[in-house]
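Okay, so here's the structure we're looking at.
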Amino acid sequence: MSLESARAFVERMKIDEDFAKEVGECKDVEMRMSYVKKAGFEFTEEEIKCQLVELNDDGLKGVVGGGIAYDCFVKHLPGCV
């Protein structure tokens with residue numbers, strides 16, 4: 001698990017529309033985390049939150065799906081504000 005993996009995941013979400021769509025179709029956080037792990041990414045919820053916090057609002061708009069990485073891993077994580 002690493003911040004590097006979280007960064008790589010965010011980059012893939014930016015450039016791979018099909019991958020981003022598949023991630024977005026996962027029903028809950030557990031399913032999303034399982035899916036991205038099978039895709040070769042290993043990071044904790046905290047690591048992905050840290051990575052996404054580093055992006056500003058403009059950066060998030062550039063992510064395929066209008067911020068789907070943010071939506072999938074920050075807005076839907078238990079305990080997130």
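The first residue of the sequence shown is numbered 1, and numbering continues consecutively from there.
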Once rounded to the nearest 0.5 Å, what's the spacing between atom OG of Ser2 and atom CZ of Arg7?
8.5 Å
Could you check whether any side-chain heavy atom of Phe43 comes within less than 4.5 Å of a side-chain heavy atom of Leu3, counting everything from C-beta outward?
no
Main chain of Val23, side chain of Arg32: is a donor-acceptor contact present, judged purely on distance under 3.5 Å?
no
Measuring from atom CE of Met31 to atom CD of Glu25, what distance do you get when rounded to the nearest 0.5 angstrom?
9.0 Å
Can you list the residues that meet the salt bridge (Lys or Arg N to Asp or Glu O under 4.0 Å) rule with Glu22, with sequence neighbours excluded?
none
Under the rule for side-chain contact (heavy atoms from CB on, under 4.5 Å), what residues qualify as partners of Ala39, not counting sequence neighbours?
Arg12, Phe19, Phe41
What one should report as the nearest heavy-atom pair of Gly40 and Ser5 is O-OG, 4.5 Å
Does some side-chain heavy atom of Val10 sit less than 4.5 Å from a side-chain heavy atom of Ile48?
yes
Spacing of Lys38 atom NZ and Met33 atom CE [to the nearest 0.5 Å]
13.5 Å
